[in-house]
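For reference, the structure is listed below as structure tokens.
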Amino acid sequence: MILIHCPYCEQTLPELEFAYAGEAHIARPAEPSAMSDEDWARYLFIRANPRGRHNERWRHIHGCGRFFNAVRDTVTDKFETTYKAGEPRK
Amino acid sequence: MTRFSAISLFAKALGGHQSWPELWPDAQPKPSYDAIIVGAGGHGLGAAYYLAKKYGITNVAVIEKGWLGGGNTGRNTTIVRSNYLYDESAHLYDHAVKLWDGLSQDLNFNVMYSKRGVMMLAHNVHDVQSFQRHIHANRLNGVDNEWLTPQEAKEYCPPLSIDPGARHPVLGAALQRRGGTARHDSVAWGYARAAAALGVDIIQNCAVTGIRRGADGAVEGVETTRGFIASKKIGVSAAGNSSVIMQMAGLEFPLESYPLQALVSEPVKPVFPCVVMSNTVHAYISQSDKGELVIGAGTDQYVSYSQRGALHIVEHTVAAICEIFPLFRRMRMLRNWGGIVDVTPDRSPILGKTPVPGLYVNCGWGTGGFKATPGAGDLLAYTMAKDEPHPINAPYNLDRFRRGRLIDEAAAAAVAH
Amino acid sequence: MPDTATRSAPIPAQPAEFPGVSIRLGAPLARWSLRGRDAKALAKAIGHKVPGKIGTNEGGMACLGPDEWLLRLPIGSVVPSGEGLPLSVVDISERAITLELEGPRAIAVLQSGAPRDLSQFAVGEARRTIYETTEIVLIREGEERWTVEVWRSFAPWLHEALVTAASHLR
Amino acid sequence: MSAHRIAGAGRLSSAGRVNFRFDGKAYQGQAGDSLASALLANGVILMGRSFKYHRPRGLLGAGAEEPNALISVDRGGGRYTPNLRATAIEIYEGLNARSQNRWPSLQTDLGSINDRLGMFFPAGFYNKTFMWPRSAWEKLYEPAIRGMAGLGDAPTDADPDVYGATYAHCDVLIVGAGPAGIDAALAASASKKKVFLLDEQDEMGGGALGDPALWPWLAESLKDLGKLPNVTLLSRTTAFGYYHDNFIGAVERLTEHLANPDHHPREKLWRIRAGEVVLAQGAIERPLVFEGNDVPGVMLASAAGTYLARYGVAVGGNVALMTVHDSGWRDLFTLARAGVSVAAIIDLRDTVDEGLLAEAQELGLRVELGSAVIGVAGRQAVKGIEMARADGSARQRIACDALLMAGGWTPSVHLWSHSLGKLEWSEDWGAYLPGQPNENVRCVGACGGTWSFGSGLSIGQLPTPKNPSRIKAFVDFQNDVTAKDIALAVREGMKSVEHIKRYTTNGMATDQGKTSNLNALQLASRALDRPVQQIGLTTFRPPYTPQTFGALAGHAKDALFQPVRKSPIDPWAEANGAVFELVAQWRRARYFPKAGEDMHAAVARECLAVREGAGIFDASTLGKIEVVGPDAAEFLNRMYTNPWKQLEPGRCRYGLLLREDGFITDDGVSARLAPDRFHLTTTTGGAARVLNMMEDYLQTEWPDLNVWLTSTTEQWAVIALQGPKARDVIAPLVSGIDLSGEMFPHMAVREGTICGVPTRLFRVSFTGELGFEINVPAAYGRHVWEQVWQAGQAHGITPYGTETMHVLRAEKGFIIVGQDTDGTVTPSDAGLEWAVGKKKPDFVGKRSLARPDIIASGRKQLIGLLTDDPAEVLVEGAQIVADPNQPVPMTMIGHVTSSYASATLGRSIAMALVQGGFDRMGETLHVPMPGKTITAKVVKPMFYDAEGSRLNA
């Protein structure tokens, strides 16, 4: 069970308080109806799934309730950093 | 290839087993091949075998970054079944089940496929409705799958608790008698041996580092840690690492890789005659020929390639097993390990051509890949040989995500009202 | 509001006593979930002090998130609804019940299923967290006095879990 | 004279006599004995049978590494446990232990025929045969193999014991309370740090327990540690797994050693988060590989030392030693000094440390250097050994009744490996030592490679003049893997240790190769003529030793397994004979049978009662979300398919929620209470998912919106009162609300009081009748329900459950998400086009509705079905075909989603998803069932009061 630092609570807490929420920085398009089927499918389904550095979202669902972003190495599972939603990609 | 049989075993025994040949030679890469398979798991080795056996392409290399059969093939809970809901799935998995039957004889290698039956438990009214839908669809598709009452389920699997007061009482079960298990390592070794005997090179400890494409965009071969190997046909069957390989060819894939755990108990005398699955409590269990209870656990919530799962996943899985099979509460966990499963948005595989000419893919099997091993191998071989998908794997193309024609078995199990 | 005789609670009223810890059902409370970007504006709107730091708990007002507070007052209390203002006041008086744990071993009972380190949980602190699979709001009222807020339908399970854990202490 | 107790030796007091049984025979041991030491003291050395060949086996070791002496313990009443190591069983008064994997008896085991035929069962033999005839595998061969395999018998009764669990946190966690671990604990505790010291044995001390010289220090140290408030000492506690971020799983055994376990928790799961981890797990001695090395009486020299020094038991009366390492000499000297006669010291090395030779001479011991044991006489007990010079010359026999092996030492790096710490090969130790750590962890003492056992060789197999392909020299004792099996695996092309392990099963026994992995590596390395490092390393996996399922499940047993959520009205339903069903985490009343009624009869009665009078239904489990803030309407407008901005306060609207992929995920009726306040409802199973989904969009896509979401599912008890008499029933109870149809129309909401309790009163209907949903604060739900129940008596009020609710809504063609939809259904598929805001530029899922296969023709659409035989009730899930006469596999065009016998209509009704269904109105379709094919006509999914006059009444 990994430890996760919540950037809002400013505490490092057990994974059980958190819910993983997929790859980060995939913004919902402003005008979906203007998009091609290809681009829309890309938004819906294509994920980086890298071996290594991964920008991802977590929600402190059993804590402060906030979604936030993180950089984690998917080979070691170690976090590089976590940062608040809305902050630029790290 | 020395034919395996009781007679040859007897004869070799008298000679102190001194003269058994290698099951497969540890091949060195040649400069070029007619076809290359990336990934020497059951699927990849199977594809190589069928390319040589059924489609006459014998100048084939299987490239493996580690040791053959060292990935999910050797890490899964070996459940074989085909009682899926949608026609596409039923046809795909039943194609595999038909090949499982007789595979030992075909390969002259006992893969220990045993049709002991796979029973899926229904714990609530919604499960019952969903299983009934499966059973009727399977029947009209010619796939065996029958409904059992709780009493019938217990007769089929005596350790099962059908206490109506349980947190998740058993309201019935769907049984596929042709379902069962096989010996995972033996499948990889059997295919490797049979493929090698037909001239296939199995190249281990050789990692693919790049995919070379020509001016026309078509593949020309693979860069590896042991140099460039040319081929006009490349089939990628790399499970959890598929998206990494696809990126080498400039392709983005709808895949995510998650840790999946499994565990075995200490061996005991025969107590568990079949395979039991419960999707509601996330527990899958059978007993190996060695006597170990083989138990499949859930996936961790985050993507990872660490092959290392969390303890709480094991806690929940074992708790669920003990609720359904209270007999096993004093049994002991002997070994617990993790694999990497590659999951698509609809949890169905991608098996066929890619936008890159000469590049073929077999991935996205999630937690269900082992059961499909012979079928996936055969269909990947067919697709590579003919440069077009077989009707069975045609629906499993990449374009379905654009068109919205998903094959979502899990969604069909739907949500509780 | 009718008298308490017409109320029903999901767990027994009589306390469970063990060496070093007692577990009892807390008295009914008026509870609100308060939301808003601006703590000051919220304080102004409802006329209560609003602590700004997550985890702090003053005058029955616990800060659970950057824009979320839990206000616990004696039953019958009222606060303005804040209609029209950029904030949210929602009455959740009966959504949860309170379990009170008291005694030197209360912390051990809670730690049996709470993954976070409760020795680092200061007196006066209040946070949403989890006990095994059940979400709770945990408040440390004193060195040996803890309050657990749990949603009504999870209360019987949590109560039994805590009582069982207490009975296991040696 | 064989194994026996030596008066005055060891730590046990002869005062504490303990009676126990082994294979039915009564024995006496001493308090503090392990079953292993107690049996030895009684001269019992045959303790088990091996897995494959059923060879007689005695003790190899004295601790966690023991592969041979596996025992079943039966305490009665379902308290039966197989496969326990005799070395880990503490004896207690009345202990009833028995041997395993033998028939009819341990002494005479017919299974040992496998040993005679062993030559036909080499590694991987099962892959090479049992293939003909094809059908015989499952019917004949496999059952036979399975019967032979397995160790102990499986339990036959449910376990009556309970288990505990806890989380724990500390600054320093030390695993292993040997000298190194205790020193580490003393050092760490000085700094006021919170320290945990764990040890798997009943007594702390580890190696020190076997060294009388250290006993005073040990007693003193443990006394000091025991006094420190910041130190927690946990004996009988096995750290079994090392997980992410210094999270360690450990199991404490609480009652297993007690004569009366009572009803206390049997074991306790410790889930420990540590700042720093110190591994002090020591090292395990390696056996030597030679013919006969598994005969009972052949054991590790260190084990013999432990049995003597700790338990006061001599493993034999006349003992020989086969060693390649100095440590073996020292262990033997201990035995010699205790008066055990020594047959010979045989060391493969030509030269050894002068000090050892001098000490041997002083003790008058026979020493044979440059020699090896090449055979052991005796089958169920050592009678003597055969030895020869390393070159095979000078073969001779020596009489003895026990043979000690000293093959060097392997650090216990199991947990280190779990933590993904690197391992480095040490030629000196002939073993892998801890290298670069992956967590905040360090290894101390022997498991870190620092010890004072002296030096030695590391060798795969001892030299022998015999033909190596004809002898059984064991590497993995429990799984019966011999040196020639490993040679065969290599011969057959297995070039990695992982393949060799899987092919031979070496290291896959219940000891996970604690005594066999390194010898197997050495053998493979020699066979392949490659250095050990190039052959790889089999990774240790959790658990370090086998751990009980019950302990891993912790307190999650029976009622504590998972919460069952119940509404405030549930107790009333239970008291009134409801039959329940489980829906998601909730249990809901399904129907209320009267005496002699089955479900069908009860549901028919309940349905008619609602249609003709009034029915009362507990709808509390429906999810509820309060959406508050100036942008509330804007937010809902973006989430739901239909428009919300124009909805007036006091009115309700049906909301349809899609996933971004365009498929229906939830629905519910929601009310606008004020311009900036909405009361949403969701499905029972969807509540948490919907709230999380909405929070996700709100926080990450539209953080600019001034709106907040609060779950109010459990704030409100919801009493649905449905039927033509509904208004009459509540009229006398409600105040502050004009209930008249004009002032309070269908799909409206009002706030007032009922029975003096504040209520949000909805006028809504999921039944097609005049209906209300009374929302009251949960604590008053039961009270209000009972008041309404009383008031309804005059109107024939009837309680109904979910099954009746399903029938009533189906008669009206209302869908249930998850039953009539399945995650692949769009609004138009479900005939809910009307609920999609055509003019809205965007909402969640809108874009996906324009994808090629979503707009394609021939999609499955929700229609009604009327069977030609009105008495025929279709099976939910039954498949539909256009041509019933086609061969299997048939082309299926749809399936039945809902199907009921409608008492109201006096016939069966059904809903189904059918390809191109909307264009098939009036068509006859076919439902092939076993033995018959049912025909049904396609109709609109609206079977009752199409114009809706009743619910607007």
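Residue numbers start from 1 in every chain, and the chains themselves are labelled A, B, ... in the order their sequence lines are given, proteins ahead of strands.
When heavy atoms are compared at a cutoff of 4.5 Å, D/E138 approaches chain B solely by way of its side chain, counted from C-beta outward. Of the atoms belonging to D/P930, heavy atoms from both backbone and side chain fall under 4.5 Å from chain B. Of the two parts of D/M494, only the side chain, counted from C-beta on, holds a non-hydrogen atom closer than 4.5 Å to a non-hydrogen atom of chain B. With a 4.5 Å cut-off on non-hydrogen atoms, D/R470 touches chain B through its side chain but not through its backbone. Both the backbone and the side chain of D/E876 come within contact range of chain B, judged by heavy atoms closer than 4.5 Å. For B/R402, the parts lying near chain D are the backbone and the side chain together; criterion is any non-hydrogen pair under 4.5 Å. Heavy atoms of B/A320 lying under 4.5 Å from chain D belong to its backbone as well as its side chain. Heavy atoms closer than 4.5 Å to chain B are found in the backbone of D/A509, but not in its side chain. In this structure, chain B has heavy atoms under 4.5 Å from both the backbone and the side chain of D/K557. Looking at D/F121, neither its backbone nor its side chain comes within 4.5 Å of chain B, counting heavy atoms on both sides. For B/L14, the parts sitting under 4.5 Å from any heavy atom of chain D are the backbone and the side chain alike. Contact annotation for D/N479: only side-chain heavy atoms (C-beta onward) come within less than 4.5 Å of a heavy atom of chain B. Contact annotation for D/H244: both backbone and side-chain heavy atoms come within less than 4.5 Å of a heavy atom of chain B. Both the backbone and the side chain of B/Q18 come within less than 4.5 Å of a heavy atom in chain D. For a residue to count as touching a neighbouring chain, one of its non-hydrogen atoms must lie under 4.5 Å from one of that chain's; by this rule D/Y80 touches chain B with the backbone only. There is no contact between D/T891 and chain B, counting heavy-atom distances below 4.5 Å. Contacts of B/D346 with chain D are absent, with no heavy-atom separation under 4.5 Å from either backbone or side chain. Of the two parts of B/I295, only the side chain, counted from C-beta on, holds a non-hydrogen atom closer than 4.5 Å to a non-hydrogen atom of chain D. Heavy atoms of D/L552 lying under 4.5 Å from chain B belong to its backbone as well as its side chain. Contacts between B/Q287 and chain D at a heavy-atom distance below 4.5 Å involve backbone atoms as well as side-chain atoms. Using a 4.5 Å cut-off between heavy atoms, B/S288 touches chain D through its backbone atoms (N, CA, C, O) alone. In this structure, no portion of B/I135 lies under 4.5 Å from any heavy atom of chain D. Neither the backbone nor the side chain of D/L560 comes within contact range of chain B; no heavy atoms are under 4.5 Å apart.
The shortest side-chain heavy-atom distance between D/S898 and D/I816 does not fall under the 4.5 Å cut-off. For the pair D/P160/D/R79, a side-chain contact is recorded, criterion being any heavy-atom separation below 4.5 Å from C-beta on.
Side-chain polar atoms of B/D408 and D/T824 form no donor-acceptor pair below 3.5 angstrom. Under 3.5 Å, the side chains of D/T510 and D/N83 contain no donor-acceptor pair of N or O atoms. Between the side chains of D/Q819 and D/T821, not a single donor N or O lies within less than 3.5 Å of an accepting N or O. A donor-acceptor contact closer than 3.5 angstrom links the side chains of D/S72 and D/Q100.
Contact count versus chain B (heavy atoms, under 4.5 Å) is highest, among D/P82, D/S848, D/G152, for D/G152. Of all the listed residues (D/G550, D/P542, D/A556), the one sharing the greatest number of non-hydrogen pairs under 4.5 Å with chain B is D/P542. By number of non-hydrogen pairs under 4.5 angstrom with chain B, the leading residue of D/Y503, D/Y243, D/Y141 is D/Y243. Most heavy-atom pairs under 4.5 Å with chain B, from the set D/D153, D/V927, D/T81: that is D/D153. Chain B forms the most heavy-atom pairs under 4.5 Å with one residue out of D/F120, D/F663, D/W586, D/F561, and that residue is D/F561. Contact tally against chain B (heavy-atom pairs below 4.5 Å) for D/H418, D/R502, D/R590, D/R587: the top residue is D/R502.
By the 4.0 Å N-to-carboxylate-O rule, D/D661 lies too far from D/R851 to be salt-bridged with it. Salt-bridge annotation for B/K115 and B/D101: present, with a side-chain N of the basic residue lying under 4.0 Å from a carboxylate O of the acidic one. No salt bridge links B/D26 with D/K495; every basic N to acidic carboxylate O contact stays at or beyond 4.0 Å. One finds a salt bridge joining B/R178 and B/D94 here, because a Lys/Arg side-chain nitrogen approaches an Asp/Glu carboxylate oxygen to under 4.0 Å. With respect to the salt-bridge test (charged N to carboxylate O, under 4.0 angstrom), the residues B/E266 and B/K290 do not qualify. The pair B/D289-B/R116 counts as a salt bridge, with a side-chain nitrogen and a carboxylate oxygen less than 4.0 angstrom apart.
Tested against B/I285, the residues B/T317, B/I324, B/I321 include a single side-chain contact (heavy atoms from CB on, under 4.5 Å) partner, B/I321.
D/H895 places no side-chain N or O within 3.5 Å of a backbone atom of D/A878 that could act as its donor or acceptor partner. B/Q129 places no side-chain N or O within 3.5 Å of a backbone atom of D/T897 that could act as its donor or acceptor partner.
Figure legend: B/R183 and D/Y126 shown without cation-pi pairing, the cationic atom not lying both under 6.0 angstrom from the six-membered ring centre and within 45 degrees of its axis.
Below 30°, between 30° and 60°, or above 60°: for B/F272 and B/F325 the angle between ring planes is above 60°, a perpendicular geometry.
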